[in-house]
Amino acid sequence: MRVVLVTGGAGFIGFNFVRELLATEPDTEVVVLDKLTYAGNPRSLAELAGERRFELVHADIADRAAVRALLARTRPAAIVHFAAESHVDRSIDGPEDFIHTNVVGTFHLLEETRRFLAEHADPAFRFVHVSTDEVFGALGATGAFVESTPYDPRSPYSASKAASDHLVNAYVHTYKFPAITTNCSNNYGPYQFPEKLIPLTIANALDGKRLPVYGKGENVRDWIFVTDHCAAIRAVLERGRVGECYLVGSRNERKNLDVVHTICDVLDELHAVGAPHRALVEFVKDRPGHDFRYAIDPTKIETELGWRAAIGFADGIRRTIRWYLDHREWTDAIRSGAYRG
C-alpha cells in the first residue's frame, strides 16, 4: 500500500484530487496536510469519514517540525503540493499570507522533503508542484502560453507562485530533487469556494444578489473542469519526467461576461425564479493590474503523457451548476461560517 501526501487537500482542487485518487486506486492511502484556512473546508472532507485509506492532518506546511514528523511517520511515496493562497483580490488586499504560504511554506516543505529523502532514498519518489498559468503574465488577443514562456507575474499572488516555481526548479538542478511542476488554467467545478467568478456567480444568482463583473467583462480566461485537471496531475505523477514542467489546459477560452451570461441562461432553464438572471449582472470597477487574457497550449502533456481534457465548457458548466443546485446547504454553510463549528 503506497502513501501519497497531498498538501492543501481540503481545498477545491486538492479535495477533488483526493476523491479521484481514493476512488480509482485501491492500493493507495492518502494523507492530507492542510492548514484549514477559510478555503480549506472540513465539510467537504467529512464525505470521506470512515474511509480507512484517508487521514487528515491539520498543520501548516510552513511548520517544519510538523512536516518533518509527518514525513517520518507516513513515509510517503509521493507528494502532490496543492497548498497555496490563491485568490488574486485577497493578495492585493493582504499579500503577506501569500508570501508565508506560497513561498516560505513551499521552501520549508522542500527542505523537509529533501531531508526525508536523504534518510529514506527512493528512486521512484515524486514531488508534483501544482502551479498556475498566472505566473506568465498576460497575453494579447492572440497566442498561448507554452512551457518556455518567460515568467512575468503581475499580482502578489502570481509573484508568490512564480517564486515557488523557481524554488522547485532550483532544487531539481541543485539537489537533484525529484520534482515536476504543472501550470494550469482556471479551474471550475464542484466544491469551489464561492469567491472565484463561477461559484460566486452561481451562489449570488441563487440568492437573487447582484452578479459583479469587473470592467466590461472582456477579460479572457481558459477554463478547465476540475476533474480534467486532476487527471492531468495523475498522469504527471505516474509518467511525468523529473525536472519538467507541463502546462495543463483544455482550450476553452471565454470572456468573463460570456461565462456569467452562460451561467444565467442555464439557471433560467434549471432554476427559473421570474426575471431572467442576466438582469442581476452589475459591472464594477476593475481590479488593479487585471490581466487581459490567459490561454494555454497543452500540446506537450497531450503528446508526451497521453492526457487530454475530456469535458467541454458547455458540459462542465452545466455539471457545476447542477452540483451547486443540489448542494445549497454546502454553500450556505460556508457563507455563514457554520462549517467551522
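If you read the sequence from its start, that first residue is 1, and numbering goes on from there.
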Please state whether the rings of Trp330 and Trp323 are parallel, tilted or perpendicular, taking 30° and 60° as the class boundaries.
perpendicular
Side chains of residues 135-150: which donor-acceptor pairs under 3.5 Å do they make with residues two or more places apart or in other chains?
unit_1	atom_1	unit_2	atom_2	d
Glu147	OE2	Leu247	N	2.9
Thr149	OG1	Val146	N	2.9
Thr149	OG1	Val146	O	3.0

Please check if Val260 and Leu206 belong to a single hydrophobic cluster, counting links between Ile, Leu, Val, Met, Phe, Trp and Tyr side chain heavy atoms closer than 4.5 Å.
yes
Please identify each residue that fulfils side chain to side chain contact (heavy atoms under 4.5 Å, CB included) with Lys216, with sequence neighbours left out.
Glu218
Co-membership, hydrophobic cluster, residues Ile296 and Val236, 4.5 Å side-chain:
no
Measure up the Tyr171 and Phe177 rings against each other and bin them: parallel (under 30°), tilted (30 to 60°), perpendicular (over 60°).
perpendicular
Under the salt bridge (charged side-chain N to carboxylate O under 4.0 Å, His left out) test, residues paired with Lys196 that sit two or more places apart:
none
With side chains defined as the heavy atoms from C-beta onward, is the minimum distance between Phe98 and Pro156 less than 4.5 Å?
no
Chi angles and distances behind the salt bridge (charged side-chain N to carboxylate O under 4.0 Å, His left out) call for Asp93, Arg287
CA-CA 11 Å; Asp93 294 337; Arg287 72 184 179 206; over 6 Å; no
Linked, directly or transitively: Phe12 and Leu56 (ILVMFWY side chains, under 4.5 Å)
yes
Go through the steps for His100 and Asp60 under the test side-chain hydrogen bond (donor to acceptor under 3.5 Å, both in side chains), then give the verdict.
CA-CA 10 Å; His100 172 78; Asp60 186 348; 2.9 Å; yes
Step by step, work out the side-chain hydrogen bond (donor to acceptor under 3.5 Å, both in side chains) result for Ser131 and Asp165.
CA-CA 7 Å; Ser131 191; Asp165 291 7; 2.8 Å; yes
For Phe116, all residues meeting ring pair (Phe, Tyr, Trp, His ring centres under 6.0 Å), sequence neighbours excluded
His120
For a quick test of reading the model, state the closest non-hydrogen atom pair linking Leu36 to Ala10 and the distance between them.
CD2-CB, 3.7 Å
Using side-chain heavy atoms (C-beta onward) and a distance below 4.5 Å, is Arg19 in contact with Phe54?
no
Describe, in one word, how the ring planes of Phe17 and Phe82 are oriented to each other, choosing from parallel (under 30°), tilted (30 to 60°) and perpendicular (over 60°).
tilted
If you look only at pairs with a residue in residues 266-307, which of them pass as a ring-ring contact (aromatic ring centres under 6.0 Å, His included), with sequence neighbours excluded?
Tyr214-His290
Check for me, please, whether Val6 and Val226 land in the same ILVMFWY cluster - side-chain distances under 4.5 Å, paths through other members count.
yes
For Arg239, give me all partners under salt bridge (charged side-chain N to carboxylate O under 4.0 Å, His left out), at least two apart in sequence or on another chain.
none
Are the side chain of Asn102 and the backbone of Ser160 linked by a donor-acceptor contact shorter than 3.5 Å?
no
For Val172, what are the other residues in its hydrophobic cluster, where any two members join if their side-chain heavy atoms are less than 4.5 angstrom apart?
none
Examine distances only and state if a side-chain atom of Asn187 and a backbone atom of Ser185 form a donor-acceptor pair shorter than 3.5 Å.
yes
May I ask you to test the Asp265-Asp268 pair for a side-chain heavy-atom distance under 4.5 Å?
yes
Minimal heavy-atom distance between Ile224 and Cys184, with the atoms involved, is CG2-SG, 3.7 Å
For a 4.5 angstrom cut-off between non-hydrogen side-chain atoms, does Leu117 reach Pro178?
yes
In this structure, which one of Glu304, Lys300, Glu302 forms a side-chain hydrogen bond (donor to acceptor under 3.5 Å, both in side chains) with Tyr246?
Glu304
Would you say the side chain of Phe15 lies within less than 4.5 Å of the side chain of Val32, judging by non-hydrogen atoms?
no
Where the side chain of Lys161 meets the backbone of Asp133, is there a donor-acceptor pair that is under 3.5 Å apart?
no
Quick one: ring pair (Phe, Tyr, Trp, His ring centres under 6.0 Å) partners of Tyr157, sequence neighbours excluded?
none
Which residues satisfy the side chain to side chain contact (heavy atoms under 4.5 Å, CB included) test with Pro212, sequence neighbours excluded?
Leu200, Asn204, Val284
I want to check something: taking the side chain as every heavy atom from C-beta on, are Glu111 and Arg114 in contact at a cut-off of under 4.5 Å?
yes
What one should report as the nearest heavy-atom pair of Arg53 and Pro26 is CD-O, 3.5 Å
Let me check something: do Val30 and Leu70 share a hydrophobic cluster, defined by ILVMFWY side-chain heavy atoms less than 4.5 Å apart, either directly or through other members?
no
For Glu269, what residues pass the salt bridge (charged side-chain N to carboxylate O under 4.0 Å, His left out) criterion, not counting sequence neighbours?
Arg318
Is it true that Arg328 and Asp207 make a salt bridge, defined as a side-chain N closer than 4.0 Å to a carboxylate O?
yes
Is the closest side-chain heavy-atom distance between Ile263 and Ile317 below 4.5 Å?
yes
Is a donor from one side chain sitting under 3.5 angstrom from an acceptor on the other, for Thr181 and His129?
no
Start with the C-alpha distance between Phe313 and Thr262, add both sets of side-chain angles, then the distance that settles side-chain contact (heavy atoms from CB on, under 4.5 Å), and finish with yes or no.
CA-CA 10 Å; Phe313 187 78; Thr262 298; 4.3 Å; yes
Residues which pass salt bridge (charged side-chain N to carboxylate O under 4.0 Å, His left out) with Arg234, listed by chain and number, not counting sequence neighbours
Glu25
Run the side chain to side chain contact (heavy atoms under 4.5 Å, CB included) test against Asp258 and tell me which residues pass, sequence neighbours left out.
Lys255
Are Trp223 and Leu197 close enough, and set up right, to give a side-chain contact (heavy atoms from CB on, under 4.5 Å), and what steps lead you there?
CA-CA 11 Å; Trp223 295 94; Leu197 177 64; 3.9 Å; yes
Are His261 and Val281 packed together at the side-chain level, in the sense that at least one heavy-atom pair is separated by less than 4.5 angstrom?
yes
Can you tell me if Glu96 has over 12 outside heavy atoms packed within less than 6.0 Å of its CD?
no
Hey, is the main chain of Val103 close enough, under 3.5 Å, to the side chain of Ser164 for a donor-acceptor pair?
no
Set out, in order, the CA-CA distance, both residues' side-chain angles and the distance that settles salt bridge (charged side-chain N to carboxylate O under 4.0 Å, His left out) for Arg251 and Asp297, then state yes or no.
CA-CA 7 Å; Arg251 297 186 175 91; Asp297 179 353; 3.7 Å; yes
